[in-house]
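This report concerns only the one structure given below.
Because the structure is a prediction, the values reported are computed rather than measured. Protein chains get the first letters and strands the later ones, always in sequence-line order, with residue 1 at the start of each.
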Number of protein chains: 2
Amino acid sequence: MRADAQRNRERLIEVAHQVFKERGLDAPLDEVARRAGVGPGTLYRHFPTREALHEAIFSSWIEEVRSHVDKAMLTEGGSREKLLAWFEEYVALLTRNHGAAAKITASLGCQDSPLRTKCQAYADANERVLEAMADDGALREGVDNLDVCRLLGGVATMADQSSLDAHAVRPMLDVIANGVLRS
Amino acid sequence: MRADAQRNRERLIEVAHQVFKERGLDAPLDEVARRAGVGPGTLYRHFPTREALHEAIFSSWIEEVRSHVDKAMLTEGGSREKLLAWFEEYVALLTRNHGAAAKITASLGCQDSPLRTKCQAYADANERVLEAMADDGALREGVDNLDVCRLLGGVATMADQSSLDAHAVRPMLDVIANGVLRS
DNA sequence: ACCTGAACACCGTTCAAGT
DNA sequence: ACCTGAACACCGTTCAAGT
């Protein structure tokens with residue numbers, strides 16, 4: 001790759017990160033190109049679709065999810081406290097960008113989404129936590145990982161579009177925790 | 001109101017119902033006007049915002065919610081069966097139009113949304129069901145109506161955008177039911 | 001090989017001109 | 001009082017012309 005192309009690509013990702021954080025994942029791509037000082041054609045050359053750009057934005061996703069799940073598993077207390085700590089971390093992570101919760105959770109089902117690796121990282125992390133719960137004998141039978149991921153994705157999506165803070169989200173996570181754990 | 005205005009208004013609602021069912025609540029308004037045989041200005045005169053048109057589309061909402069909650073409360077079995085019957089009815093109702101689940105649930109919080117009466121009807125219906133559960137001593141303490149509404153709205157939104165059928169939705173509703181009822 | 005920016009398409013919204 | 005449709009704005013997307 002030519003040196004100027006390399007620079008443009010990096011600059012686009014950097015600017016897009018900023019713009020998407022400010023105005024949400026549906027922000028005008030014009031603005032990304034303009035602020036990066038390139039023509040719209042250059043943006044499209046590097047990222048043919050909006051999703052391709054989203055994918056680049058979330059590149060640190062996998063490591064972030066891993067570190068958050070590790071942190072949550074070290075929470076003081078029993079299964080319930082660990083599970084809720086993870087749920088809270090996750091919703092916080094997913095609501096960091098406007099529109100991300102819905103898009104990432106939607107790609108849980110379909111194999112061909114560019115966000116596939118991102119949501120898979122989340123699903124894997126959640127499975128780790130659920131398995132730890134199961135090892136403690138704390139998990140109800142018949143609880144499916146994908147269903148829990150979608151429930152949390154739903155909560156995060158609602159929090160995203162109603163601008164709910166952690167305090168408002170917590171009771172919903174309590175209900176899910178109650179539904180997932182033996183009483 | 002002049003006779004032709006009356007006719008245009010009715011025709012717009014009828015056509016919009018059709019178009020929104022086919023292409024989702026974000027369908028081009030152009031098409032609504034075109035198919036109704038009126039100029040775009042006429043559409044804007046009757047419905048100044050897209051939300052105003054949505055509001056007209058969901059005019060039968062309140063009665064529908066009422067009839068569904070009545071139906072669900074007549075389900076054979078205990079509290080759990082009734083609750084799940086209601087949850088299923090509601091998600092089905094909310095996913096009837098693409099994009100409706102997210103929009104209606106988002107307006108749960110804000111007082112000034114045109115969809116206010118619609119989501120209020122749902123929240124009231126859900127409260128009726130939860131109170132019936134509480135009267136049977138089946139409800140956990142500290143379960144809040146708004147939280148349950150948002151949880152169900154989240155499930156419906158996920159089902160909407162991942163095209164999940166009732167069969168795929170059911171296990172998520174089971175988790176919520178477990179979380180809401182005493183074990 | 002890559003970039004630019006004009007050009008086109010699509011759709012939301014307004015408003016002067018009509019009836 | 002209401003309708004029409006041209007007109008403008010905004011944004012996504014493409015592509016011929018440049019370097």
Partners of A:Y44 by ring pair (Phe, Tyr, Trp, His ring centres under 6.0 Å), sequence neighbours excluded? none
Check whether any side-chain heavy atom of B:V180 lies under 4.5 Å from a side-chain heavy atom of B:L130, and answer yes or no. yes
Just say parallel, tilted or perpendicular for the rings of A:F58 and A:W61, cut-offs at 30° and 60°. perpendicular
Quick one: does B:S162's side chain have a donor or acceptor within less than 3.5 Å of a partner on B:A159's backbone? no
Show every side-chain hydrogen bond (donor to acceptor under 3.5 Å, both in side chains) that has at least one partner inside residues 140-159 of chain A, sequence neighbours left out. A:N126-A:N145
So which of residues 12-25 of chain B are in contact with DNA chain C, with a heavy-atom cut-off of under 4.0 Å? none
Closest contact, heavy atoms only, A:V155 versus B:L151: CG2-CD2, 3.6 Å
Could you spell out the base pairing of DNA chain D as a dot-bracket line? Use Watson-Crick and G-U wobble contacts where both distances are under 3.5 Å, [ ] for crossing pairs, | for partners on a different strand. ||.|||||...|||||.||
Smallest separation among heavy atoms of B:A52 and B:P48, with atom names: CB-CD, 4.1 Å
Electrostatic pair B:R128:B:D70 at N-O distance under 4.0 angstrom: yes
Kindly check if the number of other-residue, nucleotide or ligand heavy atoms within 6.0 Å of CZ (B:R66) is above 12? no
On DNA chain C, compare the nucleotides closest to A:T42 and B:R50; which residue's is nearer the 5' end? A:T42
Interface residues of residues 31-40 of chain B with DNA chain D (non-hydrogen, below 4.0 angstrom): B:G37, B:V38, B:G39, B:P40
Around atom CD of A:E22, are there more than 12 heavy atoms from other residues, nucleotides or ligands closer than 6.0 Å? yes
Identify the 5'-most and 3'-most nucleotides of DNA chain C with at least one atom closer than 4.0 Å to a non-hydrogen atom of chain A. C:dA1 to C:dA6
Exactly one candidate in A:K103, A:K118, A:R50, A:R116 meets salt bridge (Lys or Arg N to Asp or Glu O under 4.0 Å) with A:E55; the answer is A:K118
Could you tell me how the ring of A:Y122 sits relative to the ring of A:Y90: parallel (under 30°), tilted (30 to 60°) or perpendicular (over 60°)? parallel
